[in-house]
Amino acid sequence: PLAWNGVRDASKLGYACPQNKGIIAMVDKTDEDCLYLNVATPSLDNNLRPVMVWIHGGSFTSGSGEQSVYLKGPLPLMGDVVLVTINYRLGVLGFVNFHSLSQDDAFESNLGLRDMIAALEWVKENINAFGGDPNNVTIFGESAGAMGVSCLLGSPLAQGLFHKAIAQSGAAHMTTLPVDAKRVAKAFIDEAEIDIQNIQQLKELEVENLLKIQEKIGGIKFSNENRAHRLPVSSFAFIPTIGDDVLPEDPLIAIEKGIAKNVALLTGTNLHEWSFFVQLSDPGKNHLDKEALLKVISSRVPDMAAETIACYYEDERAKPVDVFSAIESDRFFRIPAIRLLEAQLKHQENCYAYLFTFESTILDGKLGSCHAVEIPFVFGSIEDNFTKLFVGQSPEIKTLSDICIDAWTRFAHTGSPQCESLEIWPHYELDNRSTMELGHACALHSDPMKKQREFWEDLL
């Protein structure tokens with residue numbers, strides 16, 4: 001923004017980044033003028049509180065930092081922290097690598113990640129005016145936001161801008177190789193009927209047209225060729241690209257080498273992650289039989305589908321859709337979270353794991369402890385109208401939310417989620433894999449779902 005005289009009115013929310021409408025992201029006003037952040041602080045004093053910078057989820061194509069579930073909870077007051085929520089460019093505007101087709105510097109790669117880094121630079125320069133400590137910054141995010149957190153852990157451009165990291169239901173697996181990024185960019189300009197020699201014409205398209213094309217090519221699948229322990233991901237055309245100054249190499253490999261060795265890490269997943277996607281965007285999977293289940297798992301775990309299903313079919317009375325959901329929950333979320341922990345553990349003992357098990361009440365309980373259900377508990381936004389619909393209303397909801405706020409903000413203060421609400425939460429170590437269950441009851445477990453974890457050892 002240009003400089004101004006006097007006091008600038010910052011009391012209104014900014015625009016969300018351009019995105020297609022969906023049933024998941026509840027975003028109202030969007031505009032290309034979208035790179036805003038929001039600050040919630042207990043006081044404008046000089047106490048130098050820990051800063052928590054939230055990176056929203058939404059498959060890298062939707063969402064915003066202005067959503068009420070993030071901003072209307074008591075997390076800053078209860079935890080005595082400064083909360084910052086940010087926007088970053090999404091979809092085609094944030095994650096299509098047109099630079100792969102043209103070496104013209106007018107097209108940069110990983111723009112969405114660059115926006116996250118720019119927000120962290122702003123925090124470093126300005127947050128002390130809001131009672132925050134620029135030398136104690138925790139980045140945290142959920143889903144694509146957690147994948148963004150993981151990319152920042154592996155990015156040389158982000159080092160020194162944060163000191164702790166929390167990744168909720170997302171890890172370092174969601175990146176693409178240059179060859180696949182180029183395929184996406186080429187598919188986009190082909191659909192736009194733009195010749196590669198005149199790629200600058202992309203800048204003349206209205207954002208509405210860009211979003212229409214984005215919708216058409218969003219189902220491109222990646223090859224992941226020659227990537228050890230990386231099974232084909234589901235269709236995610238718009239994700240961070242490896243091979244530039246933001247991500248010179250696979251972030252998981254960079255983390256394993258120690259690029260973020262000084263950063264404490266808290267990460268975890270929800271017990272029934274994939275039921276969210278089955279029930280809200282892929283309800284046809286409810287009608288799977290065993291034959292259809294084998295076919296669909298074959299597309300995800302080639303040559304090992306039968307063995308994969310056998311590992312998860314521990315009860316013959318189980319529905320095929322539940323087995324499918326359990327497999328995808330592990331393949332897409334839980335195992336990548338474990339890989340992130342294993343990589344960071346080589347350099348940093350302050351690594352902690354959780355498993356969230358509180359179950360949603362919506363759709364007659366079909367969602368279980370699904371993707372995103374932990375978010376209102378972390379922010380304390382349990383009085384939000386959608387939250388009431390999502391998780392219900394009961395005294396234990398407030399109790400669990402208080403525990404989550406206590407643990408998350410203690411982590412921001414100290415680098416450990418050990419807090420008064422939970423008597424003990426030890427480091428994650430390979431010999432015991434201590435994992436805190438957060439749900440209707442909170443308890444410490446050693447290597448939960450060990451059989452399934454071991455099954456993926458040579459696959460993912």
Side-chain angles (χ1 to χ4, degrees), residues 75 79 140 142-143 146 166-171 264-276 312 314-315 322 325-342 344-345 350-361 365 367-380 382 387 390-392 394-411 416-456:
L75 181 142
F140 70 133
E142 184 268 347
S143 194
I166 304 173
Q168 301 167 211
S169 301
L265 175 66
L266 169 62
T267 188
T269 59
N270 301 345
L271 184 59
H272 308 116
E273 294 275 3
W274 206 258
S275 63
F276 180 91
Y312 284 81
E314 296 184 312
D315 183 347
D322 294 331
S325 182
I327 292 170
E328 287 296 85
S329 294
D330 275 4
R331 185 180 75 90
F332 213 85
F333 293 107
R334 190 172 74 95
I335 302 304
I338 291 172
R339 296 290 173 264
L340 177 60
L341 279 167
E342 291 170 340
Q344 187 65 347
L345 267 176
N350 290 319
C351 293
Y352 301 86
Y354 73 84
L355 180 67
F356 199 85
T357 60
F358 190 96
E359 298 190 356
S360 170
T361 56
L367 290 179
S369 183
C370 66
H371 193 63
V373 74
E374 89 288 355
I375 293 175
F377 291 89
V378 168
F379 286 91
I382 55 178
T387 297
F390 196 25
V391 301
S394 68
E396 67 175 337
I397 292 174
K398 174 70 164 59
T399 300
L400 180 56
S401 179
D402 289 351
I403 289 172
C404 290
I405 291 174
D406 197 7
W408 262 238
T409 56
R410 289 318 301 166
F411 181 81
S416 166
Q418 183 74 53
C419 57
E420 290 186 10
S421 303
L422 298 166
E423 291 185 4
I424 185 168
W425 190 338
H427 304 137
Y428 188 91
E429 297 176 339
L430 295 182
D431 60 352
N432 59 24
R433 299 182 182 271
S434 297
T435 302
M436 181 61 70
E437 178 183 358
L438 299 168
H440 298 275
C442 295
L444 191 66
H445 299 278
S446 178
D447 202 359
M449 295 176 280
K450 177 181 179 180
K451 174 184 174 183
Q452 286 75 21
R453 178 189 62 76
E454 291 179 338
F455 171 80
W456 292 101

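One N or O on the side chain of T267 and one on the backbone of A167 form a donor-acceptor pair closer than 3.5 Å. Of the possible donor and acceptor atoms, none in the side chain of S434 sits under 3.5 Å from a partner among the backbone N and O of P426. At least one donor-acceptor pair under 3.5 Å links the side chain of Q418 to the backbone N or O of W425. A distance-only check finds a donor-acceptor pair linking the side chain of S446 to the backbone of N432 [under 3.5 Å]. Counting only distance, with no hydrogens or angles, the side chain of S329 and the backbone of E273 share a donor-acceptor pair below 3.5 Å. S275 places no side-chain N or O within 3.5 Å of a backbone atom of C370 that could act as its donor or acceptor partner.
Residues passing the ring pair (Phe, Tyr, Trp, His ring centres under 6.0 Å) test with F356, sequence neighbours excluded: F377. Under the rule for a salt bridge (Lys or Arg N to Asp or Glu O under 4.0 Å), the partners of E342 that lie at least two apart in sequence or sit in another chain are R339, R433. Residues meeting the side-chain hydrogen bond (donor to acceptor under 3.5 Å, both in side chains) test with D322, sequence neighbours left out: none. Evaluation of the side-chain hydrogen bond (donor to acceptor under 3.5 Å, both in side chains) rule for S143 yields H371 as partners, not counting sequence neighbours. Residues satisfying the side-chain hydrogen bond (donor to acceptor under 3.5 Å, both in side chains) test with H427, not counting sequence neighbours, are N350, Y352. Partners of K450 under the side-chain hydrogen bond (donor to acceptor under 3.5 Å, both in side chains) rule, at least two apart in sequence or in another chain, do not exist in this structure.
Here D406 does not pair with R410 in a salt bridge; the nearest charged N to carboxylate O distance is not below 4.0 Å.
Residues E429 and L345 share a closest heavy-atom pair of CA-CD1, 4.4 Å. Across L266 and F411, no two heavy atoms sit closer than the pair N-CZ, 3.7 Å. Considering every non-hydrogen atom in both I403 and C442, the closest pair reads CD1-SG, 4.0 Å.
Contact annotation: the side chain of I382 never approaches that of V391 to less than 4.5 Å [non-hydrogen atoms, C-beta and beyond]. D330 has its side chain within reach of Y312: a pair of non-hydrogen atoms, C-beta onward, lies under 4.5 Å apart. Counting only heavy atoms from C-beta outward, the side chains of H445 and L355 never approach each other to under 4.5 Å. Contact check for I397 versus F358: side-chain heavy atoms found under the 4.5 Å cut-off. A 4.5 Å side-chain heavy-atom check between T387 and F379 finds every atom pair outside the cut-off. Looking at heavy atoms from C-beta onward, E374 lies out of side-chain contact with L438 at the 4.5 angstrom threshold. Between M449 and L271, some side-chain heavy-atom pair lies under the 4.5 Å cut-off. Residues N270 and S169 are in side-chain contact: their nearest non-hydrogen atoms beyond the backbone lie under 4.5 Å apart.
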Going through the distances and angles, do V373 and F276 end up as a side-chain contact (heavy atoms from CB on, under 4.5 Å)? CA-CA 9 Å; V373 74; F276 180 91; over 6 Å; no
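When ring centroids are compared, W274 and F332 come within the 6.0 Å threshold.
Put simply, CZ on R334 and OG1 on T269 are 6.5 Å apart, with the number rounded to the nearest 0.5 Å. Note that CG of L75 is 8.5 Å distant from OG of S401, once rounded to the nearest 0.5 Å. A distance of 6.5 Å separates CD1 of I424 from CG of L444, quoted to the nearest 0.5 Å. Here CE of M436 is found 4.5 Å from CG of L422. Values are rounded to the nearest 0.5 Å. Separation of atoms CZ (F333) and CD1 (I335) is listed at 13.0 Å; rounding is to 0.5 Å.
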